[in-house]
Amino acid sequence: MNFAELFDFNDRVLEDTVMVKEINGKTIKKQVKGSFNWLGGIFTIFYAVFSQKYKTTGFVAKIAIPFVIALVANIIVSSAMGSVISLILNLAELAWFGSMYDTWFKNQLLANGYTEEGTTENEH
């Protein structure tokens, strides 16, 4: 994941999308939601680790990058500033993860060779 992808709110997923990939003659489909992901916002990396929905190669590693950024920011803010600032930071992180979670998932699916259902590989 590059830095621009972390905060690319302008290009986030806004519509439900079905991603498909052919593996050994079998079509695999993954649903990508185009709405705020509350569970992703609240549980961050743990949602990717424990949810079957987000099982795809490399996604846990991809989501670990913003998780570590948020963790370091929380450590710095909680030790240097008050609890009100920490609460505001945590709410901002919830909004960040919730808004971008499925976009990061879709980007990982594309990196893994999935395409949007109804499109051909050449259209991407």
Side-chain angles (χ1 to χ4, degrees):
M1 178 183 298
N2 62 42
F3 186 76
E5 188 180 348
L6 287 172
F7 300 99
D8 191 9
F9 291 100
N10 291 330
D11 293 321
R12 68 188 188 89
V13 175
L14 297 174
E15 296 178 359
D16 291 357
T17 307
V18 176
M19 305 296 290
V20 295
K21 182 178 181 179
E22 187 93 12
I23 300 174
N24 298 327
K26 183 178 178 186
T27 301
I28 307 297
K29 293 184 177 188
K30 297 277 188 175
Q31 177 76 30
V32 178
K33 291 292 197 179
S35 58
F36 191 85
N37 189 327
W38 283 100
L39 293 175
I42 294 168
F43 297 111
T44 64
I45 195 171
F46 303 104
Y47 191 40
V49 170
F50 296 113
S51 171
Q52 288 300 313
K53 176 181 178 176
Y54 293 98
K55 295 290 183 206
T56 193
T57 304
F59 186 61
V60 171
K62 177 174 272 210
I63 205 80
I65 295 166
F67 177 76
V68 169
I69 291 169
L71 182 66
V72 169
N74 272 313
I75 291 169
I76 291 169
V77 168
S78 66
S79 64
M81 299 178 187
S83 59
V84 172
I85 301 298
S86 291
L87 176 63
I88 292 169
L89 177 64
N90 282 313
L91 291 174
E93 289 168 2
L94 176 118
W96 179 35
F97 272 84
S99 295
M100 295 301 294
Y101 209 85
D102 284 299
T103 300
W104 296 331
F105 180 57
K106 181 180 180 184
N107 291 343
Q108 185 61 46
L109 291 172
L110 289 169
N112 291 350
Y114 285 78
T115 58
E116 287 187 42
E117 188 172 59
T119 63
T120 62
E121 188 112 5
N122 295 333
E123 292 180 30
H124 283 293

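Side-chain atoms are counted along with the backbone in the values below, which use heavy atoms only and exclude waters and symmetry mates.
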Undergrad: Side chains of E22 and T27: do they bring a donor and an acceptor to under 3.5 Å?
TA: yes
Undergrad: Say whether L89 and V72 are linked into one hydrophobic cluster, either directly or through other cluster members, by side-chain heavy-atom distances under 4.5 angstrom.
TA: no
Undergrad: Between I75 and V77, is there shared hydrophobic-cluster membership here, with clusters defined by ILVMFWY side-chain heavy atoms closer than 4.5 Å?
TA: no
Undergrad: Is there side-chain contact between Y114 and I28, with heavy atoms separated by less than 4.5 Å?
TA: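 Counting from C-beta outward, Y114 and I28 do come under 4.5 Å.
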Undergrad: Count the heavy atoms of every other residue, nucleotide or ligand shown that sit under 6.0 Å from NZ of K21, and state whether that count exceeds 12.
TA: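 It does: K21 NZ has more than 12 such atoms within range.
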Undergrad: Do the side chain of S79 and the main chain of I76 share a donor and acceptor less than 3.5 angstrom apart?
TA: yes
Undergrad: Identify the two heavy atoms, one from I85 and one from M81, that lie closest to each other, and give their separation to 0.1 Å.
TA: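 Where I85 meets M81 most closely, the heavy atoms are CG2-SD, 3.6 Å.
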Undergrad: So do the side chains of I63 and Y47 get within less than 4.5 Å of each other, counting heavy atoms only?
TA: no
Undergrad: Find out whether D16 and Q31 are in side-chain contact, i.e. whether some heavy atom of one side chain is under 4.5 Å from a heavy atom of the other.
TA: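 Yes - at least one pair of side-chain heavy atoms lies under 4.5 Å apart.
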Undergrad: Strictly distance-based, threshold 3.5 Å: is any side-chain N or O of T17 a donor or acceptor partner for the main-chain N or O of V32?
TA: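 No: the side chain of T17 does not pair with the backbone of V32.
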Undergrad: State, with a plain yes or no, whether a side-chain heavy atom of E116 is found less than 4.5 Å away from one of M19.
TA: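 Yes, side chains in contact.
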Undergrad: Donor-acceptor pair, distance only, cut-off 3.5 Å: does the side chain of K53 make one with the backbone of A48?
TA: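 No.
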Undergrad: Taking the side chain as every heavy atom from C-beta outward, state whether K30 and F105 have any pair of such atoms under 4.5 Å apart.
TA: yes
Undergrad: Please answer: with hydrophobic residues joined when any side-chain heavy atoms are less than 4.5 Å apart, are I65 and F46 in the same cluster?
TA: yes
Undergrad: Give the cluster check for F36 versus L6: same hydrophobic cluster or not, with ILVMFWY residues linked at side-chain heavy-atom distances below 4.5 Å.
TA: yes
Undergrad: Quick one: sort the F7 and W96 rings into parallel, tilted or perpendicular, breaks at 30° and 60°.
TA: parallel
Undergrad: Quick check: does any side chain N or O of N90 sit under 3.5 Å from a backbone N or O of S86, one acting as donor and the other as acceptor?
TA: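 Present.
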Undergrad: Looking only at non-hydrogen atoms, find the nearest pair between E93 and A73 and report the distance.
TA: OE2-CB, 4.2 Å
Undergrad: Do D102 and K33 meet the salt-bridge criterion of a basic N to acidic O distance under 4.0 Å?
TA: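 Between D102 and K33 there is no salt bridge, as every charged N stays at least 4.0 Å from the carboxylate O atoms.
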Undergrad: What distance separates S35 OG from R12 CZ, expressed to the nearest 0.5 Å?
TA: 9.0 Å
Undergrad: Mind checking the CD1-OH spacing from I45 to Y54? Nearest 0.5 Å is all I need.
TA: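 Separation between the atoms: 14.0 Å.
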Undergrad: Is the backbone of G98 close enough, under 3.5 Å, to the side chain of N37 for a donor and an acceptor to pair up by distance?
TA: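 Not confirmed, N37 side chain does not pair with G98 backbone.
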Undergrad: Check F59, F97, F67 against W104 for a ring pair (Phe, Tyr, Trp, His ring centres under 6.0 Å) and give me the one that passes.
TA: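 Of the listed residues F59, F97, F67, the ring pair (Phe, Tyr, Trp, His ring centres under 6.0 Å) partner of W104 is F97.
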Undergrad: Going from CE on M100 to NZ on K106, what distance comes out if it is rounded to the nearest 0.5 angstrom?
TA: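 Nearest 0.5 Å value for the CE-NZ distance: 12.0 Å.
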Undergrad: Determine whether T103 and D8 make a side-chain contact, defined as any pair of heavy atoms from C-beta on separated by less than 4.5 Å.
TA: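 Not in contact.
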Undergrad: Examine the side chains of T56 and N112 and answer whether a donor and an acceptor come within less than 3.5 Å of each other.
TA: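 Indeed, the side chains of T56 and N112 share at least one donor-acceptor pair under 3.5 Å.
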Undergrad: Can a donor-acceptor pair be found, under 3.5 Å and without considering hydrogens, that links the side chain of Y101 to the backbone of T44?
TA: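 Confirmed, Y101 side chain pairs with T44 backbone.
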Undergrad: Linking I/L/V/M/F/W/Y whenever their side-chain heavy atoms sit closer than 4.5 Å, directly or via other members, would W38 and L87 fall into one cluster?
TA: no
